[in-house]
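Written out below as structure tokens is the structure these notes cover.
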Amino acid sequence: MVIRLGANQYGKAEVRVVAVDRSAPRHEIVDLNVSTALRGDFAAAHTAGDNAHVLATDAQKNTVFAFARDGIGSPEAFALRLARHFAGSYPWITGARIAVESYPWERIAVGGAPHDHAFRRPGGEVRTAVVTVDGGRAHVLAGLGDLVVLKTTGSEFWGFPRDGYTTLAETRDRILATAVTARWRCTGTDLPWDNLFAGVRATLLETFAATHSLALQQTLYAMGEAVLERFPDVAEVRMSMPNKHHFLQDLSAFGLDNPDVVYHADDRPYGLIEAQVLRDDVPADEVAWQGTPGFC
Ligand SMILES: O=c1[nH]c(=O)c2[nH]c(=O)[nH]c2[nH]1
């Protein structure tokens, strides 16, 4: 019986690189998911554990971040740069496959004008409604889920206590990103539902964009407060907002600075900020929330 190695490739999958162009007040953002795969003579690694030909997937990931320092441009151009680099890096590497997913971001409109540094990622958002009729009374929770938003500046996080396990550096400027899930309890059952939804959604977006954030908790509260201030038919807002961390990538090992340009969008673990913001003069209504899982 003869056993042999067939086709093979290897690389780093799903490198989440985000590059911010801050050269003008109107920031630009490129958000990619990059997967690398190298082809060539890697037989000895498979059959004998000999890694002499194996350009580490960790190095491939680093290359993606380092190349982003010069600006990413189009996904096609970035992928070509990377593929040509890898394919030309060692004689035994004969080819490279670079797959890129690019996530679009649209500017949030504030007062009708596109914002300079607050964005929304279209797609995936859902509108929700939960109606409970109980003992002849109807209760309405309107809501939305997965409204993905990001600010490239206007967010700080500092002043927190430092116990023996705290390593997080204080920051006066960071990327703030989250996916908003919100439900708002309505006091009526005969409301202009579509208008109310559009208004609450616009208020959530505008407030996220316009609030200079000292914590995601503060942004969440400001969003709920703005909804309650603008919409008297809303008694209560409950929100769940993951802190989608964007870590500045350290490029110093490659002789590169990184003046807030290249970030790693980490998908987990994530902070999860959840709260209820309510009108004090409206009685609580737990029946409305019964059976609605999680925080909201
Ligand atoms: O806005 C934030 N709130 C936190 O509670 C927190 N914790 C953390 O590590 N980063 C952040 N950011």
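In each ligand, atom 1 is the first atom listed, and ligand 1 is the first ligand listed. Quick note: numbers below take in every heavy atom, side chains included, and nothing from hydrogens, waters or symmetry partners. No experiment lies behind these values; they were computed from the predicted model shown.
Polar contact with ligand 1: absent for Ile273 (N/O pair, distance under 3.5 Å). Checked against a 3.5 angstrom limit, the closest N/O atoms of His245 and ligand 1 fall outside it.
Tyr103 carries Arg121 over the face of its six-membered ring, with the cationic atom under 6.0 Å from the centre and within 45° of the normal. Annotation: cation-pi pair Arg238/Trp184 absent, no NZ/CZ under 6.0 Å from the ring centroid and within 45° of its normal.
Using modelled atom types and a 3.5 Å distance limit, the side chains of His139 and Asp285 yield a donor-acceptor pair.
By the neighbour-count criterion of 12 heavy atoms within 6.0 Å, atom CZ of Arg162 is densely surrounded, having more than that number from other residues, nucleotides or ligands.
Taking a cut-off of under 4.0 Å to the non-hydrogen atoms of Leu216, the atoms of ligand 1 that pass are 1 (O), 2 (C). Each of the atoms 1 (O) of ligand 1 lies under 4.0 Å from some heavy atom of Ala215. Near Arg174, meaning under 4.0 Å from one of its heavy atoms, ligand 1 places the atoms 1 (O), 2 (C), 11 (C), 12 (N). When each atom of ligand 1 is checked for a heavy atom of Gln217 under 4.0 Å away, the hits are 1 (O), 2 (C), 3 (N), 4 (C), 5 (O).
Counting only heavy atoms of the protein, atom 9 (O) of ligand 1 lies nearest to Leu168 CD2, 3.4 Å. Residue, atom and distance of the protein heavy atom nearest to atom 10 (N) of ligand 1 are Phe157 CE2, 3.5 Å.
Not a single heavy atom of Met241 lies less than 4.0 angstrom from ligand 1.
Note on ring orientation: taking the six-membered ring where Trp is involved, the planes of His115 and His117 are perpendicular (angle over 60°, cut-offs 30° and 60°).
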task = Test side-chain contact (heavy atoms from CB on, under 4.5 Å) on Phe42 and Trp92 and set out the steps.
result = CA-CA 8 Å; Phe42 307 108; Trp92 58 84; 3.9 Å; yes
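The distance between the ring centers of His53 and Tyr90 does not fall below 6.0 angstrom.
Only the side chain of Asn243 comes within contact range of ligand 1, with a heavy atom under 4.0 Å; no backbone atom does.
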